*Asks:* 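Take a look at the following structure, please.
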Amino acid sequence: MERVVSRTILRRYLEKLESSLDLDAAVVGAGPSGLICAHDLARAGRRVAIFERMLKPGGGIWGGAMMFNEIVFEADTTAILDEFGIRHSAAENGLVSADAVEVASALIYRTVQAGATVFNCVTVEDVVFKHDRVAGLVINWSPVEEQGLHVDPMVVLARAVVDASGHGAEVTARAARKADIRLDTETGDVMGERPLWVEQGERATVKGSGLVFPGLYVSGMAANAVHGGFRMGPIFGGMLRSGRKVARLILDELG
């Protein structure tokens, strides 16, 4: 029995990995914007995988604000919450709130059910650069990075790469630095995240989400960091709308 258990896990995982070596879209980061983006792409029949550094997908949703696991959305996001079966309650100033654990669980479950593959404990070391465009990801196990081990990585090719890595926009920053490329921003480089301003942050997240270099898209807080937008704290409507916008742009590009 023990041998069968190990053999089944090994075979099934390698099947998932092998089928994800050549993708329509590779999403870096399984936070809310990355999950929504991958969900919409997979639902449209595209081959998409998410690569998440941490053991648990979901990004910063789980803890709410200071581990008070209730989070807030603007009212114009309720259609997305309803689509994912997430219960919500009205709050002041036209806002709604929802249980953070329910939100994270629903986004993860629906995304995987739509056909996206999530690889947790996988870090992205670099991007693949071919013919003046970002063409994939260089991946390794997260413990390899954490321990500072010199272990050669693997490559995943993708027609579109989505940087949903969060506040540091690590994928875009690394691509800009190593390939010496000019991004589609005011400065041509990663501008850096500005202080917290909820209303401006929500809007900047959506506005900045999109293509910043051929083959490379930014979503969620990575979009704010790349374009110099404000952070918004534990309000997540802009994150969901950001992921949906990027998925739509990728589908338009892929035809």
Side-chain angles (χ1 to χ4, degrees), residues 13 16-17 19-21 23-44 46-64 69 71 73 80-81 83-86 98-125 127 136-146 154 156 158 160-172 174 205 209 216-226 234 236-247 250:
Y13 186 88
K16 288 192 294 186
L17 183 58
S19 66
S20 299
L21 294 179
L23 298 165
D24 290 317
V27 180
V28 184
S33 71
L35 287 167
I36 287 281
C37 181
H39 167 272
D40 287 4
L41 290 169
R43 189 174 58 179
R46 296 297 180 174
R47 291 174 294 116
V48 56
I50 308 176
F51 299 91
E52 167 58 46
R53 174 182 292 163
M54 305 300 289
L55 175 63
K56 67 178 192 318
I61 291 180
W62 296 99
N69 62 352
I71 54 180
F73 301 86
I80 299 178
L81 300 179
E83 176 187 337
F84 280 78
I86 298 169
D99 181 89
V101 175
E102 181 176 348
V103 174
S105 302
L107 291 179
I108 296 166
Y109 175 76
R110 295 283 186 175
T111 299
V112 174
Q113 286 286 299
T117 304
V118 178
F119 293 99
N120 54 334
C121 293
V122 173
T123 190
V124 174
E125 291 187 356
V127 298
L137 300 174
V138 180
I139 62 171
N140 214 325
W141 302 118
S142 297
V144 168
E145 179 187 55
E146 293 168 3
M154 294 181 66
V156 171
V161 167
V162 180
D163 183 355
S165 62
H167 297 272
E170 297 175 14
V171 177
T172 306
R174 188 172 292 122
T205 303
S209 297
L216 178 61
Y217 294 78
V218 291
S219 178
M221 291 312 302
N224 272 6
V226 169
F236 287 86
M239 303 287 279
L240 303 187
R241 294 194 300 274
S242 166
R244 178 143 288 180
K245 175 185 176 183
V246 170
I250 292 173

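Keep in mind it's a predicted model, so treat the numbers as computed, not measured. Values below: all heavy atoms of this structure, side chains included; hydrogens, waters and symmetry mates excluded. Position 1 is the first residue of the sequence; numbering continues from there.
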*Asks:* Side chain of N224, backbone of T205: donor and acceptor closer than 3.5 Å?
*Replies:*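 Yes, the answer is positive, given that a donor and an acceptor are paired below the 3.5 Å cut-off.
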
*Asks:* Keeping D24 on the side-chain end and R46 on the backbone end, is there a donor-acceptor pair under 3.5 Å?
*Replies:*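 Checked: no pair found.
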
*Asks:* Quick one: are V48 and V162 in side-chain contact, heavy atoms under 4.5 Å?
*Replies:*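 Answer no - side chains too far apart.
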
*Asks:* Shortest non-hydrogen contact from E52 to A30?
*Replies:*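 Shortest heavy-atom separation between E52 and A30 comes out as OE1-N, 2.7 Å.
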
*Asks:* Can a donor-acceptor pair be found, under 3.5 Å and without considering hydrogens, that links the side chain of W62 to the backbone of S105?
*Replies:*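 No; zero donor-acceptor contacts below 3.5 Å.
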
*Asks:* Distance alone, cut at 3.5 Å: any donor-acceptor contact between the side chains of N140 and T123?
*Replies:*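 There is no such pair between these side chains.
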
*Asks:* Between atom CG of N120 and atom CE of M54, what is the distance when rounded to the nearest 0.5 Å?
*Replies:*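 Answer rounded to 0.5 Å: 10.5 Å.
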
*Asks:* Does any donor atom in the side chain of S165 or E170 lie under 3.5 Å from an acceptor atom in the other side chain?
*Replies:*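 No pair is found: no donor N or O on one side chain lies under 3.5 Å from an acceptor on the other.
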
*Asks:* Which pairs with one or both residues in residues 34-44 pass salt bridge (Lys or Arg N to Asp or Glu O under 4.0 Å), sequence neighbours excluded?
*Replies:*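 Pairs touching residues 34-44 that pass the test: D40-R43, D40-R244, R43-E83.
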
*Asks:* Between T111 and I50, does a side-chain contact (heavy atoms from CB on, under 4.5 Å) hold up when you go through it step by step?
*Replies:* CA-CA 10 Å; T111 299; I50 308 176; 4.1 Å; yes

*Asks:* Please, which pairs that meet ring pair (Phe, Tyr, Trp, His ring centres under 6.0 Å) have at least one residue in residues 106-125, sequence neighbours excluded?
*Replies:*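 Found Y13-F119, F51-F119.
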
*Asks:* Is there a side-chain contact between F73 and L240, using heavy atoms and a 4.5 Å cut-off?
*Replies:*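 Heavy-atom side-chain distance check passes, below 4.5 Å.
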
*Asks:* So, for S142 and R53, which heavy atoms are closest and what is the spacing to 0.1 Å?
*Replies:*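 Looking at all heavy atoms of both residues, the shortest contact is OG-O, 2.7 Å.
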
*Asks:* Give me the atom names and distance for the closest heavy-atom approach of S209 to S219.
*Replies:*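 For S209 and S219, the tightest heavy-atom pair comes out as OG-CA, 4.0 Å.
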
*Asks:* Working to the nearest 0.5 Å, report the span between CD1 of I86 and CD1 of I71.
*Replies:*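 I86 CD1 to I71 CD1: 8.0 Å, rounded to 0.5 Å.
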
*Asks:* For P57 versus I108, what's the shortest heavy-atom pair and its separation?
*Replies:*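 Scanning both residues completely, I find the closest heavy atoms to be O-CD1, 3.4 Å.
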
*Asks:* Within the structure provided, determine whether L216 and V127 are in side-chain contact (heavy-atom separation under 4.5 Å).
*Replies:*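 In short, these two side chains do not touch, never coming nearer than 4.5 Å.
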
*Asks:* If you measure from CE on M154 to CG on L17, what distance do you get to the nearest 0.5 Å?
*Replies:*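 Here the interatomic distance stands at 5.0 Å.
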
*Asks:* Do V161 and Y217 come close enough that some side-chain heavy atom pair is under 4.5 Å?
*Replies:*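 No, their side chains stay 4.5 Å or more apart.
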
*Asks:* CD1 of I80 to CZ of R241: how many Å apart, nearest 0.5 Å?
*Replies:*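 Taking CD1 in I80 and CZ in R241, the distance rounds to 7.5 Å.
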
*Asks:* Tell me whether R174 contacts the main-chain N or O of E125 through its side chain, where contact means a donor paired with an acceptor under 3.5 Å.
*Replies:*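 A pair under 3.5 Å: yes.
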
*Asks:* Looking at every heavy atom in both V28 and V171, which two are closest together, and how far apart are they?
*Replies:*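 So the two residues come closest at CG1-CG2, 3.6 Å.
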
*Asks:* Could you point out which residue of L35, V103, L107 forms a side-chain contact (heavy atoms from CB on, under 4.5 Å) with F84?
*Replies:*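 Running side-chain contact (heavy atoms from CB on, under 4.5 Å) over L35, V103, L107 with F84 returns exactly one hit, L107.
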
*Asks:* Please name the pair of heavy atoms, one in A169 and one in A222, separated by the smallest distance, quoted to 0.1 Å.
*Replies:*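 In this case the closest contact between A169 and A222 is CB-O, 3.8 Å.
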
